[in-house]
Amino acid sequence: MAKGKSSGGLQAPRGTRDFYPEDMRRRNWLFGQFRETAHAFGFEEVDAPIVEHLDLFRRKAGEEILDQLYHFELHDRELALRAEMTPSIARMVIARQGAMRFPIRWFTVTQNWRYERMTRGRRREHYQWNMDIWGEPGVEAEAELLSAMFTAFDGLGLARGKVGVRLNSRALLEESLRRGVLADRPEVFEPLCVVIDKIDKIGAQAVTDLLCDPNGGVKLSAGEAERVIEMLSARSLDDAARFTSDDSGALTDLRKLYDLLDAYGIADHIPFDASVVRGLAYYTGVVFEAFDTGGVLRAIAGGGRYDRLAETLGGKPVPAVGFGFGDAVIAELLQDEGIWPDPPRDVQDIVYAFGAEEKPAAIGVATRLRRQGRNVELCLGQSKLKRILGDADKVGAERVFLIGSDELARGIVKVRDLAEKKEHEEPLGG
RNA sequence: GCGGGCGUAGCUCAGUUGGUUAGAGCGCCAGAUUGUGAUUCUGGAAGUCGCCGGUUCGAUCCCGGUCGCCCGCCCCA
């Protein structure tokens, strides 16, 4: 018996989608761009179950994430649908840690689930392209990933300048606080990042209040909080340098990274922005997020370095960096830009018999063509030729094979070239 | 979770100050001398007016609830 909120089961659940053929063609095109880019960069595709043990997510993100996860208990097991791919990939890496030659480059295109309110560009069910490099501690990995991201933007048809990437380093912030509050309580760094991620939404004062809240998880002094807020306003490396020491490793890394990005030809599209910290607790170093320069959409993609995740989950330490690129926001952008392609069906040949007598011969022709590797639609039933040709035109087929009583008697098939509007005859057997 | 807007044919939308058979465009189907794609012309099918309840002689229209979608807030990848 149905109970609670229900629509009778005839509608897809809120925040989920059906993919009709035309939707699926677009989705396949988008995913094709993701895969093509990943392969161009030498990444290998992996996959993992959509259902994981709830503990995998609990250990990483803390209990507060639970109400955003699709989770359930079944036969005394606590399970959850993945909200992102990184924990599963970490699990896979840890399981073969001793057997793999690092660095490894892996990518995924997966469906993820988050139980939350919908807004533009966000649904409860969405697909995400994930690119990760494990085992490379240097910023060469970040540079390679960012280049892949821009290569994907190019492939999707977005003009340079339509999208950019804001980039920062959590390590920079961490260094500047090391002699202060982090010396005694290094564990507050993660909650601190989660708080300052909100600055664009709730403002500097509210963030300061949260950072200094004696009942909060961070409890900075007023001076420390002020320094953090001031630092977040930095929009260049020289600007940021004022908040750290000359021998700052984080700053050295950032300068090196920008040299590499320059070599890739993308540095101009990647402004430094000290206010970018990303909401996820596990990032440790460089963090970045892609945005539309028009400024109307939420982040298109986001990622960063998470060098301690493997340890946190119980493995040996392995440095790692990666990004996630969702299908929802990019779809909105492509829509706004009017560059969503409408890929045609991939039917190449259509085989048509005028009457029931010619059906076996038509089947023979279709079978022969299929063995040759052609995509063949065999006409079923008894539609009029006029309709068949009209449909063939619409789906973008190349040829129509016609078999009537006359053709059958002569052992031939008439082949009509749709583009040339010309016909020739071929023996039935090919 | 909160506030606002919307829900009429497959799609985009009109409309009814509450009154008989609810409309258009596009799409779909059929036909324009029986085996050939376009345009055109003609005709046709198609809607429990989101769902449930209330008010009323009578509700697609008014009221309440509910489900869904959109926008903002909140939250967050």
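Throughout, a chain's letter reflects where its sequence line sits, starting with A, and its residues are numbered from 1.
- Candidate nucleotides B:C76, B:C29, B:G37 were compared by shortest atom distance to the side chain of A:R114, and B:C76 ranks first.
- Under the salt bridge (charged side-chain N to carboxylate O under 4.0 Å, His left out) criterion, A:E423 pairs with A:R416, not counting sequence neighbours.
- Residue-to-nucleotide contacts include a donor-acceptor pair under 3.5 Å from the side chain of A:R122 to the base of B:A77.
- In summary, the side chains of A:E52 and A:S88 do present a donor paired with an acceptor at a separation below 3.5 Å, with no hydrogens or angles considered.
- The gap from the C1' atom of B:C70 to that of B:A77 amounts to 22 Å, rounded to the nearest Å.
- As judged by a 4.0 angstrom heavy-atom cut-off over every strand, A:N130 is placed among residues making no nucleic acid contact.
- Taking atom C1' on both B:G23 and B:G65, the two are 30 Å apart, rounded to the nearest angstrom.
- Straight-line distance between the C1' atoms of B:G37 and B:U16: roughly 43 Å, to the nearest whole Å.
- Look at the P atom in both B:U17 and B:C76: the space between them is 50 Å, to the nearest Å.
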In dot-bracket form, 5' to 3', how is RNA chain B paired? Count Watson-Crick and G-U wobble pairs only if both distances fall under 3.5 Å, and write | where the partner sits on another strand. (((((((..((((.....[...)))).(((((.......))))).....(((((..]....))))))))))))....
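- Relative orientation of the A:F153 and A:F325 rings is tilted, given thresholds of 30° and 60° on the angle between their planes.
- The two residues A:L313 and A:A90 come nearest to each other via the heavy atoms CD1-CB, 3.6 Å.
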Report all interatomic pairs (protein N or O, nucleotide N or O of nucleotides 32-36 of chain B) with separations under 3.5 Å.
residue	atom	partner	partner atom	Å
B:G35	O6	A:E407	OE1	3.4
B:G35	N1	A:E407	OE1	3.2
B:G35	N1	A:E407	OE2	3.0
B:G35	N2	A:E407	OE2	3.1
B:U36	O2	A:R416	NE	3.1
B:U36	O2	A:R416	NH1	3.0
B:U36	O2	A:E423	OE2	3.3
B:U36	N3	A:E423	OE2	2.4
B:U36	O4	A:E423	OE1	3.3
B:U36	O4	A:E423	OE2	3.2

Listing, residues 405-414 of chain A side-chain donor-acceptor contacts under 3.5 Å, not counting sequence neighbours, or none:
residue	atom	partner	partner atom	Å
A:E407	OE1	A:G404	N	2.9
A:R410	NH1	A:E425	OE2	3.3
A:R410	NH2	A:E425	OE1	2.7
A:R410	NH2	A:E425	OE2	3.3

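- An OP1 or OP2 oxygen of B:G37 is reached within less than 4.0 angstrom by no side-chain nitrogen or oxygen of A:K422.
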Can you check nucleotides 69-72 of chain B for protein contacts, nitrogen or oxygen pairs under 3.5 Å, and list what you find?
residue	atom	partner	partner atom	Å
B:C69	OP2	A:R14	NE	3.1

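- Between A:Y127 and A:F31, the angle of the ring planes lies from 30° to 60°, which puts this pair in the tilted group.
- Following rounding to the nearest Å, A:R387 (CZ) and B:A38 (P) show an atom-to-atom distance of 9 Å.
- Listed by chain and residue number, A:K162 satisfy the side-chain hydrogen bond (donor to acceptor under 3.5 Å, both in side chains) test with A:E337 (two or more places apart in sequence, or in another chain).
- Not one side-chain nitrogen or oxygen of A:R298 sits closer than 4.0 Å to the OP1 or OP2 atom of B:C76.
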Would you sort out whether A:Y306 and A:W134 count as a ring-ring contact (aromatic ring centres under 6.0 Å, His included), showing the intermediate values? CA-CA 10 Å; A:Y306 47 96; A:W134 289 78; 5.5 Å; yes
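- Rounded to whole Å, the separation between the C1' atoms of B:C63 and B:G18 comes to 13 Å.
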